[in-house]
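Computed from heavy atoms alone, side chains included, the values below leave out hydrogens, waters and symmetry copies.
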Amino acid sequence: MTGILGHDAQRIELMEAAAGPRMHHGWILSGPKGIGKATLARAMARSLLAGESEDIADDHPVARLVAAQSHPDFVDLTRLEKDTGDLARNITVDQVRGLHRLLESAPSLSQRRIILIDSADDLERGGANALLKNLEEPPKSTIFLLVSHSPSRLLPTIRSRCRMLRFSSLDDAQMRQAIAIKQPNIAAVELDHLMTMGEGSPGRALGFVGLGIDQMTAALDRIALSGDLDNAERLALSKQLAARSAKLRFEAFLDAVPAFLARQARHRQRMALGTAIGAWEQARQLASAAIPLSLDPATVIFELCGLVAVLAEGESATA
């Protein structure tokens with residue numbers, strides 16, 4: 001399919017089910033965030049609406065209607081954008097209840113109606129319960145495609161009424177190709193760092209583009225090696241990343257430090273391994289709390305760097 005790398009087995013399973021006499025009405029596309037689940041789901045939705053067994057071109061009438069969000073038999077349910085430009089925290093119950101207009105009518109242009117929810121993890125409790133009612137008594141010729149990064153967070157009753165289609169992270173070759181398609185002029189050094197940070201997810205990797213992740217990683221390497229005894233490295237990072245204008249870089253740093261510590265742990269043994277795992281656990285907790293609790297960025301950066309500096313102590317203890 002155009003624009004999709006990997007996931008051939010999942011695509012084939014969906015297409016074979018669609019070609020059968022009775023396609024299951026509910027599907028959960030599960031796997032790590034940013035690996036292409038939603039991209040495949042949207043391509044599949046276009047194909048199903050067009051009655052085709054392969055992906056359709058962007059200039060196909062159905063593709064144009066879907067892109068314009070005006071196909072009468074298709075709904076792409078996502079978090080709404082607020083007046084501030086940020087996305088709402090959840091997909092609301094009102095959004096799910098708003099599907100009744102589609103579900104109470106027969107398909108008009110296609111043989112099927114498709115409801116794509118990206119992601120089902122974002123459904124608020126009331127929205128999940130409202131969706132469950134539709135899954136329990138699915139209208140004829142309606143297919144639900146639920147993208148989920150953490151299916152364990154979904155209601156067990158939702159999971160039980162859907163077929164699970166599991167996706168895996170992309171391999172290195174697919175990752176390089178995916179990043180190169182979006183960033184054809186990227187420097188080799190930055191590409192290597194994006195590959196490492198992405199951990200098999202091109203969506204995650206591309207989120208770090210232009211944020212100086214290579215410089216951040218180099219600074220973390222120096223801290224882990226030297227222990228940053230004079231605090232120079234951590235103070236410099238605090239100065240660079242704590243300003244309001246550096247919000248995106250600060251958020252990238254919150255992802256970068258736990259990922260850095262996890263990679264360090266994979267290459268350590270005995271006491272050094274225990275030190276790295278302990279630092280990773282603390283960093284993960286601090287990074288995940290920083291934005292929800294509005295913690296002071298400079299303090300968070302300093303403390304995260306301190307956890308990286310502990311790696312130098314662990315190495316010296318085993319030397």
**Student:** For Q264 and L311, work out which heavy atoms get closest and say how close.
**Tutor:** CG-CD1, 3.7 Å
**Student:** For residues V308 and L304, determine if any side-chain heavy atom of one lies less than 4.5 Å from a side-chain heavy atom of the other.
**Tutor:** no
**Student:** Strictly below 4.0 Å, N to O, side chains only: are R79 and D86 in salt-bridge contact?
**Tutor:** no
**Student:** Using a strict threshold of under 4.0 Å (side-chain N to carboxylate O), is an ion pair present between E54 and R11?
**Tutor:** yes
**Student:** Tell me, yes or no, whether the heavy-atom count around Q215 atom CD, taken from other residues, nucleotides or ligands under 6.0 Å, exceeds 12.
**Tutor:** yes
**Student:** Nearest heavy-atom pair of S168 and H7: which atoms, and what distance?
**Tutor:** O-CE1, 3.4 Å
**Student:** If only atom types and distance count, is the side chain of R204 paired as donor or acceptor with the main-chain N or O of M197 below 3.5 Å?
**Tutor:** yes
**Student:** Are R222 and D228 within salt-bridge range, i.e. N to O under 4.0 Å?
**Tutor:** no
**Student:** Compare all side-chain heavy atoms of I158 with those of L131 and state whether any distance is below 4.5 angstrom.
**Tutor:** yes
**Student:** Please check if the side chain of E16 supplies one atom and the backbone of E13 the other of a donor-acceptor pair under 3.5 Å.
**Tutor:** no
**Student:** Distance from Q183 atom CD to E190 atom CD, nearest 0.5 Å?
**Tutor:** 7.5 Å
**Student:** Closest heavy-atom contact between G198 and A205?
**Tutor:** CA-CB, 3.8 Å
**Student:** Roughly how far apart are Q111 CD and L49 CG, rounded to 0.5 Å?
**Tutor:** 11.0 Å
**Student:** Would you kindly confirm whether V147 and F144 end up in one hydrophobic cluster when ILVMFWY residues are joined by side chain heavy atoms under 4.5 Å apart?
**Tutor:** no
**Student:** Within the 3.5 Å criterion, strictly below it, is a donor on D214 or T217 matched to an acceptor on the partner's side chain?
**Tutor:** no
**Student:** Got a salt bridge between R153 and D122, using NZ or NE/NH1/NH2 to carboxylate O under 4.0 Å?
**Tutor:** no
**Student:** Do L286 and V257 come within less than 4.5 Å of each other through their side chains, counting heavy atoms only?
**Tutor:** no
**Student:** Judged by atom type as modelled, is there a donor-acceptor pair below 3.5 Å linking the side chain of D73 to the main-chain atoms of S108?
**Tutor:** yes
**Student:** So, H71 side chain and V62 main chain: donor-acceptor pair closer than 3.5 Å or not?
**Tutor:** no
